[in-house]
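Working notes, structure below.
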2 protein chains.
Amino acid sequence: METRELRYFVAVAEELHFSRAAQRLGIAQPPLSRAISQLERRLGGPLLERNSRGVALTEAGRVLLAEARAAIDAVDAAERRTRRATGDGSEPGLVLVSKAGAASELLTKLLDAYAAEPGAVKVEVDLCGIGEQGPRLRDGRADVALLHRPFDVIDGLDTEELLTEGQVAVLPSSHPFATRSELRMADLEDVPGLPPMSWPGARAQAGAGPEIRDSTQLYQLVGLGRAFTILPESARAEQHHGVATVPVVDAPEVTTVIAWPPHSRSLALAALVRAATRL
Amino acid sequence: METRELRYFVAVAEELHFSRAAQRLGIAQPPLSRAISQLERRLGGPLLERNSRGVALTEAGRVLLAEARAAIDAVDAAERRTRRATGDGSEPGLVLVSKAGAASELLTKLLDAYAAEPGAVKVEVDLCGIGEQGPRLRDGRADVALLHRPFDVIDGLDTEELLTEGQVAVLPSSHPFATRSELRMADLEDVPGLPPMSWPGARAQAGAGPEIRDSTQLYQLVGLGRAFTILPESARAEQHHGVATVPVVDAPEVTTVIAWPPHSRSLALAALVRAATRL
DNA sequence: AGCAAGGATACCTGGCCGGTATCGACGGTC
DNA sequence: GACCGTCGATACCGGCCAGGTATCCTTGCT
């Protein structure tokens with residue numbers, strides 16, 4: 001099977017519409033129809049059900065969709081990482097990705113420690129939205145990531161634990177809870193007049209609160225008295241106007257891990273991970 | 001990048017010889033040379049160094065080799081799993097792979113428990129050589145595997161723990177140790193007149209002992225008084241002529257885990273894993 | 001110098017990809 | 001129920017590129 005065929009199939013499976021998929025792919029509809037038919041013939045059965053007025057995936061189609069996405073990511077990763085490794089000098093040697101606004105203290109320590117190693121290469125730090133790190137590692141836009149268990153999905157990645165910490169509630173400083181010396185999860189089940197925030201990607205926790213994408217947004221919302229949330233202790237290092245933090249003594253512990261794709265053979269990556277574990 | 005190009009590159013990178021690689025691929029040498037040149041042009045730098053009398057990989061080439069192998073495995077997996085999912089009826093719904101001769105008791109319990117579930121599909125059990133499970137999961141020849149931590153590589157796989165157990169020494173029954181009620185790791189550091197076995201794939205432990213590939217071989221060698229080894233307790237369920245087992249009280253614990261590729265969305269697989277964790 | 005090995009280049013051919021035109025099946029509408 | 005719009009399938013054609021053969025060129029060995 002060729003990459004092209006997989007991309008074609010994914011487009012159709014996502015659009016559930018041949019003409020739209022063809023448009024997205026920048027080709028005409030007939031070649032796309034033909035390519036999918038060939039694929040179905042080669043794989044020994046139908047992938048799509050062409051009902052009148054629409055297209056639906058068969059069971060085999062669902063399998064192929066999941067597998068094809070993973071395969072395309074792997075191919076894209078191969079291309080990106082190789083292009084990065086071709087000695088055109090100016091490019092960074094490693095791309096590290098982390099949630100915007102998280103683990104910044106740990107991150108600076110890590111970068112300093114690695115930079116001091118002999119043979120350290122340039123590290124580009126890429127801050128992305130919550131839950132975006134996994135995909136970036138998988139499709140080669142990044143080589144290594146900082147993640148937070150149990151929040152981030154670490155399926156299919158190699159990891160090393162770096163730091164385990166408790167969590168604190170992040171509240172408007174005007175809120176009655178803000179003066180408490182500690183809180184319990186039970187206190188936060190239903191905070192009067194304050195919705196909890198919900199993260200994109202997390203099991204949709206149906207929290208009626210606003211969705212946020214980065215930490216600036218988060219602190220702004222809290223400062224405005226519109227929401228509260230729970231974050232790892234290290235978030236206290238950042239001071240924000242109108243925002244108070246109170247330890248939540250029985251919150252589940254959060255572990256910051258460094259993660260990388262399992263087949264990586266990069267010496268630079270190995271050195272970075274080694275530096276991280278020695279922190 | 002197309003799958004074909006990746007396969008071509010891997011062939012050349014493995015053979016380090018264009019003509020032999022072309023032969024292996026079933027094409028002539030000139031198209032292969034051209035394909036590699038195109039790849040190098042597209043990726044922005046050389047992948048191979050053509051020294052006089054031979055070919056060597058550049059750093060970028062090493063990166064691409066590792067990435068390309070993973071990508072090709074993913075594409076092959078997509079094809080195999082989809083072909084298996086196309087409703088041609090006779091085929092098995094899931095392929096489970098396990099080390100030959102290991103965990104047989106757990107395996108039968110698991111298969112029985114799953115078969116009793118509503119909507120259970122046919123499970124093909126595939127017994128393979130030690131260390132072969134990972135590759136089979138990665139390239140789609142299997143959907144799920146039983147592995148043993150810390151011996152098997154579980155990089156890049158999702159896992160659930162099933163069973164943790166101690167280990168026993170497996171010795172010829174004529175050996176002085178065979179009558180002991182227990183042993184310690186220190187006793188086994190250097191057993192007089194008996195070499196330890198070494199497994200393929202494991203970090204080459206330089207044990208001067210014979211290499212073995214399956215459990216029949218193993219018990220035969222032990223029965224002949226040619227070697228000894230350490231195995232999980234459950235191995236005692238199998239009785240073999242001339243072979244004795246003695247608990248090793250301070251051996252590291254072995255955990256049997258069920259493992260599957262992280263992006264799998266198969267309902268049948270999910271049911272099997274659920275059945276396994278309920279054992 | 002001659003030769004052999006091995007990768008690169010030149011050039012041709014055929015298959016397949018992608019395009020346009022058109023068909024055919026199905027549904028909604030008046 | 002005839003008409004029409006939507007959407008995927010089919011027919012056919014043209015151009016590109018993969019793959020083949022022949023040959024060149026560099027290199028190392030004798």
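Lettering follows sequence order; numbering is per chain, from 1.
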Query raised in the report: Rounded to the Å, how far apart are A:Q29 CD and C:dT20 P?
Result: 12 Å

Query - Euclidean distance, atom CG of residue B:L32 to atom C1' of D:dT21 [Å, nearest integer] - result: 16 Å

Report summary line: Rounded to whole Å, CD1 of A:I36 lies from P of C:dC17 at a distance of 12 Å

Query raised in the report: So among A:D76, A:D139, A:D143, which one has a side-chain hydrogen bond (donor to acceptor under 3.5 Å, both in side chains) with A:R81?
Result: A:D143

Report summary line: Per atom distances to the A:R4 side chain, the nearest of C:dG7, C:dG18, C:dT20 is C:dG18

Requested in this report: Let me see the working for A:K99 and A:D152 under salt bridge (charged side-chain N to carboxylate O under 4.0 Å, His left out), right down to the final yes or no.
Outcome: CA-CA 10 Å; A:K99 272 198 269 285; A:D152 293 316; 2.6 Å; yes

Query raised in the report: Given B:R84 and A:E67, is the salt bridge (charged side-chain N to carboxylate O under 4.0 Å, His left out) satisfied, shown in steps?
Result: CA-CA 13 Å; B:R84 199 128 32 75; A:E67 297 283 337; over 6 Å; no

Report summary line: Between B:S37 and A:G26, the residue closer to the 5' end of DNA chain C by nearest nucleotide is B:S37

Query raised in the report: For the side chain of B:H17, counting heavy atoms from C-beta on, which of C:dG19, C:dG6, D:dC7 is nearest?
Result: C:dG6

Report task. Consider the side chain of B:S33, meaning its heavy atoms from C-beta on, and name the nucleotide among C:dA8, C:dG18, D:dA9 that approaches it most closely. Result -> C:dA8

**Report entry** C:dA5 phosphate, OP1 or OP2, under 4.0 Å from B:S19 side-chain N/O
**Finding:** no

Query raised in the report: Looking at the side chain of A:P30, which of D:dG8, C:dG18, C:dA21 is the nearest nucleotide?
Result: C:dA21

Requested in this report: Show your working on side-chain contact (heavy atoms from CB on, under 4.5 Å) between A:L272 and A:L96 and close with a plain yes or no.
Outcome: CA-CA 10 Å; A:L272 180 65; A:L96 183 150; 4.2 Å; yes

Report summary line: A:I27 CD1 to D:dG15 P, in whole Å, measures 20 Å

Report task. Using whole Å, report how far CG of A:L39 lies from C1' of C:dC16. Result -> 16 Å

Report summary line: Here the gap from A:T159 atom OG1 to A:L147 atom CG, rounded to the nearest 0.5 Å, amounts to 8.5 Å

Query raised in the report: Taking CD from B:E5 and P from D:dA18, how many angstroms apart are they, rounded to a whole number?
Result: 8 Å

Report summary line: Per nearest nucleotide of DNA chain D, the residue lying toward the 5' end, A:P31 or B:A35, is A:P31

Query raised in the report: Just how far, in rounded Å, is P of C:dG18 from CZ of A:R34?
Result: 8 Å

**Report entry** Nearest-angstrom distance from the residue atom CZ of B:R50 to C1' of D:dC25
**Finding:** 15 Å

